[in-house]
Amino acid sequence: MAKSRRQFLTVTSAGLIGAAVSRTLKAQDVPPQQQTTPGAPTAFGTGPLVGPEISPQTITEAEKLVQIEMSRPDAEMAAESWRPNMAALYERRTGPRKFIPEDSLAPASVWVPISVEPYFRPFEGIIHKVPPRFARSKADAGGLPASDEDIAYAPVTKLSRWVEQKKLTSTRLTQIYLERIRKFDPKLRCIITLTADHALEQAKQADAEIAAGKYRGPLHGIPFGVKDLLDTANIPTTWGAEPYRDRVPKTDSVVVKRLYEAGAVLIAKLSLGALALNDIWFGGQTMNPWLLEEGSSGSSAGPGAATAAGLLGFSIGSETGGSIISPTMRCGIVGLRPTYGNVPRTGAMTLCWTLDKLGPMTRSVEDTLLVLNAIKGAEPGDLESVDTELNFDAAKSVSGLKVGYFPKWMNEAPATDVDRAALKAIEKSGMRLREVSLPDWPYDSLNVILFAEAAASFEQLTLNGREHELKAQVPDAWPNIFRQSRFLSAVDFVQADRFRRKVAQEMARLFQEVDMLLVPSLRDEMLVIANNTGHPSLTFRAGFVEVSEARSDWAPDPKHPLPKFSPPRRVPHGITLIGRLFDEGTLGSAGMALEKIFNVMDQRPPGF
């Protein structure tokens, strides 16, 4: 008999009982047909009896997973009616009429951060009414250093001037980086695919164009690398994961295409933790050049390590829940996580449709703005991407800008003396500090969205059992989390989505009071909050701390303790500024002012 129309229009939270297995219906599997009058709607409970039989004990055991409690009669009713009421809702993946969505199919609901911003009307002028102004630093880069190492570690702000003034060719710069990659990548494991021939060909073309007077801008001739979740035509894009290591796209991702249009030179596809989690990929663990006994953090592990070790001019990372901020912190570089929607993700691996962001990882604050200016803007393939203008003036004063901070956060871990010293640096710069606060809410509850979207994105990998091929199989790695996420409640997902809007409204309230926030970079609440609300962040080195034990993204494993150090080791430490939506230019100005005061970016990892 026909299934109830309403059955297919209802989303149920009872999807906790495990995968229902479709089977051939027998006569006794069909419940008594509902007595109907012509024109009367069908009712729940009249569908075919599909899926495995369950008992009240099945319901009782499943209750433990989502921490609810039914009475015995309610559990009996739920078990008795499960097959005609709910089991057919799994037909999408159990059959017989299976629907397997293509990788590029996004959810119908889209996250639009600006929809909750009461301050957006005055801010609107920045995007639509004020003529955009992008003015890079006019400072002279000086003479070309005699040392290849000094050239390699120079920021894009200097490299671009030397290339523009024909003091340095793209070909020579590319060769310098290729030699450093050959020398140091065996220690770091930050390169998945080296594109040497491709890079030299692009560098030769860049030199010819510049010699002919066709200078494309500050990225022209600059070698770069991208996290290996960005598609590159005819070059492997592996997502760092064993099941995809032979994957070769036919087209370039939009970000790569835009960097090519800016004249940049692709030198390498960089490592990421498998499927964008932490720093272990099918080639091993990517290591921190400042401390080779620890991973570089993830999941933008390769961009962090390669940029810190001077193996390329700049890199592109991605963030869903901390994947630009964390390796930027540990490797002592600069990372800009743009506003959600500011950079199109077309041609990038999807982990979470409403959370994924792409952004630059560099060796100076200004570099991040130079790169963002080349890759931002709407593109039809990314439904959430938007067109905005990047207003940035490297010479603009930051005096009077209001910087909010959370006093409690600054006085407890993970904040350090470097974070607290940043408060004084803000006042020295002419900016003003304001104490702010947020409600004491369970912000980690928002991770229901992350886990559900990620499990949906890689559902076929899990259903086919290929998640077992991933290198990391510990409880906090994707294989286990994907499987566990099958038991997440749809009701809790919707409630988390509603909670997300409330949190966004609280952030909007804060940004009526201040221009930006200063936060400890790895403060869990803000990593979750700002990634869910879509606000941009700028993380950059502010000083150094000493560590007596290696750090890890992974949960502690007593069988494999982390290395300890005596005496402690000196490593870089960074701070993070959170900005208003689409106001990366103000973040850049503030970051440049503080960068000058900190004066620590010129220090390099020993041995590199």
Side-chain angles (χ1 to χ4, degrees), residues 137 139 141-159 162 176-177 180-181 183-184 187-188 190 286-297 300-315 324-336 360-368 416-422 424-425 428-429 520-522 538-548 550-551 565 567-577 588 590-608:
S137 174
L144 186 69
S147 161
D148 283 356
E149 180 181 318
D150 290 340
I151 294 173
Y153 272 104
V156 174
T157 51
K158 289 188 176 183
L159 293 173
W162 293 330
I176 289 173
Y177 285 135
R180 289 182 62 81
I181 288 171
K183 182 177 180 181
F184 295 120
K187 297 180 181 180
L188 298 174
C190 61
T286 299
M287 311 310 289
N288 177 9
W290 286 91
L291 190 58
L292 288 171
E293 292 89 345
E294 69 180 12
S296 67
S297 193
S300 301
T307 306
L311 306 189
L312 36 69
F314 68 91
S315 58
I324 287 177
I325 289 177
S326 192
T328 290
M329 268 279 291
R330 194 174 297 176
C331 297
I333 58 171
V334 183
L336 176 61
M361 299 172 71
T362 67
R363 285 186 293 272
S364 84
V365 171
E366 186 175 357
D367 286 2
T368 64
T416 68
D417 288 341
V418 172
D419 297 277
R420 290 181 279 274
K424 297 179 181 178
K428 184 177 180 180
S429 73
S521 297
L522 300 180
L538 178 70
T539 302
F540 54 104
R541 192 193 309 177
F544 291 85
V545 296
E546 292 187 336
V547 295
S548 56
R551 298 157 297 177
F565 312 116
R569 303 285 187 86
R570 180 176 180 266
V571 293
H573 188 83
I575 62 166
T576 293
L577 299 174
M592 288 181 65
L594 294 173
E595 187 178 47
K596 290 177 184 177
I597 295 172
F598 297 143
N599 193 29
V600 292
M601 285 304 296
D602 288 342
Q603 298 184 49
R604 304 169 188 171
F608 288 89

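Model, not experiment: these values are computed from the prediction.
Contact of the Ile151 side chain with the Pro145 side chain is registered, since non-hydrogen atoms from C-beta on lie closer than 4.5 Å. Side-chain contact between Phe540 and Leu594 is present, with at least one heavy-atom pair separated by less than 4.5 Å. A 4.5 Å side-chain heavy-atom check between Ser326 and Leu522 finds at least one atom pair inside the cut-off. Side chains of Ile575 and Thr539 form no contact here, defined as non-hydrogen atoms less than 4.5 Å apart. By the 4.5 Å heavy-atom criterion applied to side chains, Leu538 and Val365 are counted as neighbours. Side-chain contact between Met601 and Ser364 is absent, with no heavy-atom pair separated by less than 4.5 Å.
To the nearest 0.5 angstrom, Ser429 atom OG is 11.5 Å from Lys596 atom NZ. In this structure, CD1 in Ile176 is found 9.0 Å from CG in Leu159, a value given to the nearest 0.5 Å. The distance from the CD1 atom of Ile324 to the CD1 atom of Ile333 is 9.5 Å, given to the nearest 0.5 Å. Between the CG atom in Leu312 and the SG atom in Cys190 there is a gap of 7.5 Å [rounded to 0.5 Å]. Atom CG of Asp417 and atom CZ of Phe544 lie 15.0 Å apart (nearest 0.5 Å).
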Exercise. Should His573 and Asp419 be marked as a side chain to side chain donor-acceptor pair (under 3.5 Å) after you check the CA-CA gap, both sets of side-chain angles, and the distance that decides it?
Worked result: CA-CA 9 Å; His573 188 83; Asp419 297 277; 3.0 Å; yes

Exercise. When you look at Asp367 and Phe314, which way does the side-chain contact (heavy atoms from CB on, under 4.5 Å) test go after all the steps?
Worked result: CA-CA 8 Å; Asp367 286 2; Phe314 68 91; 5.9 Å; no

Problem set entry | Intermediate values then yes/no, side chain to side chain donor-acceptor pair (under 3.5 Å), Thr307 and Ser315 | CA-CA 7 Å; Thr307 306; Ser315 58; 2.8 Å; yes

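Considering every non-hydrogen atom in both Ala425 and Ile597, the closest pair reads O-CD1, 3.5 Å. Taking each heavy atom of Leu577 and Gly591 in turn, the nearest pair found is CD1-N, 4.1 Å. Closest heavy-atom contact between Leu292 and Leu188: CD2-CD2, 3.7 Å. Summarising the geometry of Arg570 relative to Gln603, their closest heavy-atom pair is NH2-OE1, 2.9 Å, with the distance given to 0.1 Å. The two atoms that bring Pro327 and Met361 nearest to each other are CG-CE, 4.1 Å, heavy atoms only. Residues Arg180 and Ala152 approach most closely at CD-CB, 3.4 Å, considering heavy atoms.
A donor-acceptor contact shorter than 3.5 Å links the side chain of Arg330 to the backbone of Gly295. Using modelled atom types, one side-chain atom of Ser296 and one backbone atom of Ala301 make a donor-acceptor pair closer than 3.5 Å. Listed for the Trp290 side chain is a donor-acceptor partner under 3.5 Å among the backbone atoms of Cys331. Proximity of a side-chain donor or acceptor of Arg541 to a complementary backbone N or O of Gly332 within less than 3.5 Å is detected. In this structure, Tyr153 contributes its side chain and Ala309 its backbone to a donor-acceptor pair below 3.5 Å.
Within the cation-pi definition used here (under 6.0 Å to the ring centroid, within 45° of the axis), Arg569 qualifies as a partner of Phe565. Judged by the 6.0 Å and 45° rule, Lys187 forms a cation-pi pair with Phe608.
Using a 4.0 Å cut-off between charged nitrogen and carboxylate oxygen, Arg551 and Glu294 count as a salt-bridge pair. A salt bridge links Arg604 with Asp150: the closest approach of a Lys/Arg side-chain nitrogen to an acidic carboxylate oxygen falls below 4.0 angstrom.
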